[in-house]
Amino acid sequence: DTAVSQTPKYLVTQMGNDKSIKCEQNLGHDTMYWYKQDSKKFLKIMFSYNNKELIINETVPNRFSPKSPDKAHLNLHINSLELGDSAVYFCASSQGWGSNQPQHFGDGTRLSIL
Amino acid sequence: KNEVEQSPQNLTAQEGEFITINCSYSVGISALHWLQQHPGGGIVSLFMLSSGKKKHGRLIATINIQEKHSSLHITASHPRDSAVYICAAAVRFDSKLTFGTGTRLQVTL
């Protein structure tokens with residue numbers, strides 16, 4: 001059983017479209033995260049939710065909107081996609097809120113904007 | 001300047017060599033994470049440490065809080081260790097992770 005699963009694995013779409021990436025974890029964790037990895041492999045936090053509440057919202061364009069329907073799910077919706085949104089997006093989860101919690105990562109969603 | 005710096009950026013080693021990857025950070029932290037990203041793209045958490053040393057198989061991670069420095073060592077390296085190794089600082093009073101730029105390791109036969 002996959003602990004943190006993201007869908008889709010690959011997403012190719014045109015500029016201006018709206019798309020969503022889904023994330024589910026079956027670890028019973030309270031905290032979930034979205035990270036963006038750019039073409040130079042640099043990872044950066046985008047959002048974090050703890051018990052369905054938004055805890056971290058980094059300086060991300062408001063075209064990106066996370067939604068957590070329950071503790072096990074954290075989806076990412078992106079409006080009006082731009083070329084610069086091309087990246088790999090990783091979902092992760094941890095047992096609880098706190099910087100000393102190990103994080104479990106999904107396999108990533110590679111988003112390519114044409 | 002990034003708050004978390006890694007060196008070297010790229011490392012090539014022969015099978016069996018002892019490998020060290022370094023991570024320096026400039027912020028107060030509550031924990032330091034080491035992650036491994038394989039060529040297929042998935043990310044695995046290797047270690048999380050706030051003091052001293054941790055060992056898992058052929059991997060050893062150490063941290064010196066006073067010097068704001070951590071190292072990841074791989075003993076008896078093997079081609080399957082080829083991956084990108086990333087350190088991430090869990091900044092004190094702020095639960096988000098700040099990542100280093102990664103070290104790309106290639107181990108050849």
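Each chain gets a letter, A, B and so on, in the order the sequences are listed, and its residues count up from 1. Keep in mind that this is a model prediction, so the values were computed, not measured.
Under a hydrophobic-cluster definition in which Ile, Leu, Val, Met, Phe, Trp and Tyr are linked whenever side-chain heavy atoms come within less than 4.5 Å, directly or via other members, Ile63(B) and Val4(B) are assigned to the same cluster.
Between Ser93(A) and Leu27(A) there is a side-chain heavy-atom pair separated by less than 4.5 Å.
Looking at Leu49(B), neither its backbone nor its side chain comes within 4.5 Å of chain A, counting heavy atoms on both sides. Using a 4.5 Å cut-off between heavy atoms, Leu32(B) makes no contact with chain A at all.
Each of Leu11(A), Asp18(A), Leu111(A) was compared with Leu81(A) under the side chain to side chain contact (heavy atoms under 4.5 Å, CB included) criterion, and only Leu111(A) meets it.
Among the candidates Gly108(A), Ala92(A), Pro102(A), the residue making the largest number of heavy-atom pairs closer than 4.5 Å to chain B is Pro102(A). When the candidates Gln37(A), Arg110(A), Lys44(A), His104(A) are compared by the number of heavy-atom contacts under 4.5 Å with chain B, Gln37(A) comes out ahead.
Across all non-hydrogen atoms, the minimal contact from Ser24(B) to His69(B) is OG-CD2, 3.4 Å. The shortest non-hydrogen separation linking Asn57(A) to Phe47(A) is OD1-CE2, 3.2 Å.
The stretch residues 99-109 of chain B places Phe99(B), Gly100(B), Thr101(B), Arg104(B) near chain A, each with some heavy atom under 4.5 Å from a heavy atom of that chain. Residues of residues 74-84 of chain B lying within less than 4.5 angstrom of chain A, judged on heavy atoms, are absent.
Side-chain polar atoms of Tyr25(B) and Ser70(B) form no donor-acceptor pair below 3.5 angstrom. Ser71(B) and Asn22(B) are linked by a side-chain donor-acceptor pair at a separation below 3.5 angstrom, with hydrogens and angles left out of the test. No side-chain donor-acceptor contact under 3.5 Å links Ser65(A) and His77(A).
Looking at residues two or more places apart in sequence or on another chain, you find a salt bridge (charged side-chain N to carboxylate O under 4.0 Å, His left out) between Glu82(A) and Arg63(A). Residues that satisfy the salt bridge (charged side-chain N to carboxylate O under 4.0 Å, His left out) test with Lys71(A), not counting sequence neighbours, are Asp30(A).
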Discussion item. Evaluate Trp34(A) against Ile21(A) for side-chain contact (heavy atoms from CB on, under 4.5 Å), listing each step before the verdict.
Written reply: CA-CA 10 Å; Trp34(A) 276 112; Ile21(A) 306 172; 3.6 Å; yes
